[in-house]
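Because the structure is a prediction, the values reported are computed rather than measured. Order of the sequence lines sets the chain letters (A, B, ...), proteins ahead of strands, with each chain counted from 1.
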Amino acid sequence: MKKTGFTTTIPLEILLAAGRVPVDLNNLFIAGGKSQELIDAAEERGFPRNICSWIKGIYGAMIDSGIEEIVAVTEGDCSNTRALMEVLALHDVTTVPFAYPHDRNPDALRQEIERMMAWFRVDWETVNHAGERVESIRRKIREIDRLTWDDNIVSGAENHYFQVASSDMNSSPDTFEAEIDCFLAEAGARKPFRDRLRLAYIGVPPIIDDLYPFLEAHGARVVFNETQRQFSMPYGIADLVERYRAYTYPYDIFFRLADIEREIKKRRIDGVIHYVQSFCFRQIEDMVVRQRLGMPILTLEGDKPGPLDARSRIRIESFLEMLGERV
Amino acid sequence: MRIGIDLGSRKVKFALVDEGKIVRLESFDTLAFYKRYGRMTGDDLTFDLAGTGLFSAAEVAAASIVATGYGRNTLNLKGVRVISEIRAHVAGALFQVGLKDFTLLDMGGQDTKVALVRNGSLQDFVMNDKCAASSGRYLENMSAILEVDLQELSSHWENPVRLDATCGIFGESELIGQILRGHPVANLCAGVNQTLVKRVVPMLKRFPSDQTVLTGGVALDGALVKLLENEGFTIVVPEHPQHNGAIGCAVIP
């Protein structure tokens with residue numbers, strides 16, 4: 001089966017309906033075991049140093065994996081993706097643009113979805129059929145999320161992993177579902193965590209690989225992973241267009257904040273980590289986040305893949321100490 | 001009796017406090033201190049505190065030790081309670097200035113921290129990240145280029161020469177360019193001090209308070225204090241700004 005890469009979460013249902021193997025290039029980049037090498041290779045080819053590492057990693061993962069087709073999200077994510085498409089065209093990669101309409105207009109989104117369906121030669125019946133299949137897996141992921149904040153038996157890292165992997169179902173829905181079933185069976189027998197602090201993690205998924213265990217070693221567990229949860233289409237909406245209209249990540253910050261505020265309240269959060277990627281426009285949105293969420297926020301910036309640097313560790317420890325004195 | 005230790009990037013600072021009174025303050029060059037008196041035993045770092053001659057054997061035996069600083073994160077200190085820098089500095093400022101509501105600006109060898117303190121407790125804070133151009137080390141480099149000592153550098157605040165480089169190293173070549181243009185040294189010194197202000201003001205404005213407590217070695221820079229006052233801040237410098245973190249360690253509950 002032919003592999004199709006994508007630059008951020010897209011209607012996975014269409015790729016599965018078309019019999020493609022979906023590959024979220026972010027996951028391939030970060031989990032492939034050679035993320036720094038991929039960035040180095042991209043920089044050697046001319047990508048600037050002061051550009052987001054994810055875009056370089058996606059480029060590197062594309063070239064390294066030999067995937068020949070990519071769905072590139074040109075609106076609703078990162079404008080660097082447009083230049084990435086142009087550079088990939090030099091490598092004879094077929095690029096399929098996909099744009100989330102900024103105003104969440106349902107007709108415009110339907111048009112985009114139907115344009116993508118036409119490209120992959122699939123109709124609504126097969127797409128909806130594939131949708132039922134992935135929704136059945138997403139329901140289980142929602143249960144993992146609930147076990148994280150409600151039953152307190154799932155770690156922040158596990159919550160992150162299953163939700164972030166749901167963007168492409170680890171390229172194999174059946175295998176992924178079996179892994180989830182196994183996990184649910186094992187987690188059900190656990191004793192609840194006794195955390196001192198409950199954290200929300202908002203912003204794009206971290207490029208840093210040891211954040212969650214570091215937090216947990218200090219008695220603080222992430223019980224809400226904002227964007228990762230969004231990747232798993234958490235609302236159980238039957239209609240495909242409405243499902244991707246309710247998905248908050250590609251739309252404006254205020255739409256995202258409505259979801260964040262609701263979940264912070266529901267999950268009894270003590271403090272928020274707002275992760276921002278170096279050189280990303282979302283760093284600017286930190287101003288809005290700070291003004292809107294009336295609670296302690298640590299803005300954590302990450303640049304390259306790997307463990308937390310000493311300065312970030314100091315900042316996190318201080319933040320947790322501060323929270324510890326408040327609760 | 002308690003000994004507070006602040007393991008800074010340039011100096012290790014000590015404070016011996018007994019029954020709420022500062023008995024002695026000391027400092028030591030960081031590298032020399034680690035080389036001479038530090039020893040790794042397994043994964044733990046131990047210090048031969050008595051060997052430094054700063055404290056008597058009786059004091060070392062009687063005192064509990066609390067430490068903070070950049071070094072604490074990469075090292076396990078044996079028999080020492082370790083706290084975060086931000087907590088240490090807030091505790092030190094509370095002890096030294098006796099205020100309950102203030103913004104703390106700590107400018108050390110590499111770090112700049114800004115913390116909001118309300119009713120005696122830490123509410124929020126920011127730290128410099130990625131870049132240490134608003135630090136004591138930057139002032140040391142610039143004074144070397146200008147061939148003036150730190151005391152001279154920190155006495156000029158009028159007519160600052162405009163310096164724009166965002167990088168402490170590019171800043172050196174920019175400064176050399178301004179020297180060649182014939183600006184008086186006093187104005188160049190003022191320009192260097194002004195660059196510090198430009199870097200810290202956005203951090204300070206995030207946490208506005210009626211009073212700003214300035215600590216760390218850079219607090220000894222009188223010109224910086226003057227320039228910050230010109231920006232509308234009321235600056236309070238405690239009696240021992242360089243030892244503020246060590247004092248905080250020695251007094252924190």
| said: Within a 6.0 Å radius of atom CZ on A:R194, are there more than 12 heavy atoms belonging to other residues, nucleotides or ligands? | reply: no
| message | Quick check for you: to the nearest 0.5 Å, what is the distance between A:E325 atom CD and B:Q123 atom CD? | response | 10.0 Å
| message | Please determine whether the number of non-hydrogen atoms from other residues, nucleotides or ligands lying under 6.0 Å from atom CG of B:D210 exceeds 12. | response | no
| said: Exactly one of A:E321, A:R313, A:M322 should register a side-chain contact (heavy atoms from CB on, under 4.5 Å) with B:S84. Which one does? | reply: A:E321
| task | Mind listing the closest non-hydrogen atom pair of A:I297 and B:D124 along with its distance? | result | O-OD1, 4.0 Å
| message | Is it the case that atom CD in B:E239 sees more than 12 heavy atoms from other parts of the structure closer than 6.0 Å? | response | no
| task | Evaluate whether atom CE of A:M295 has more than 12 neighbouring non-hydrogen atoms of other residues, nucleotides or ligands under 6.0 angstrom away. | result | yes
| How long is the gap from OG on A:S318 to NZ on B:K113, to the nearest 0.5 Å? | 8.5 Å
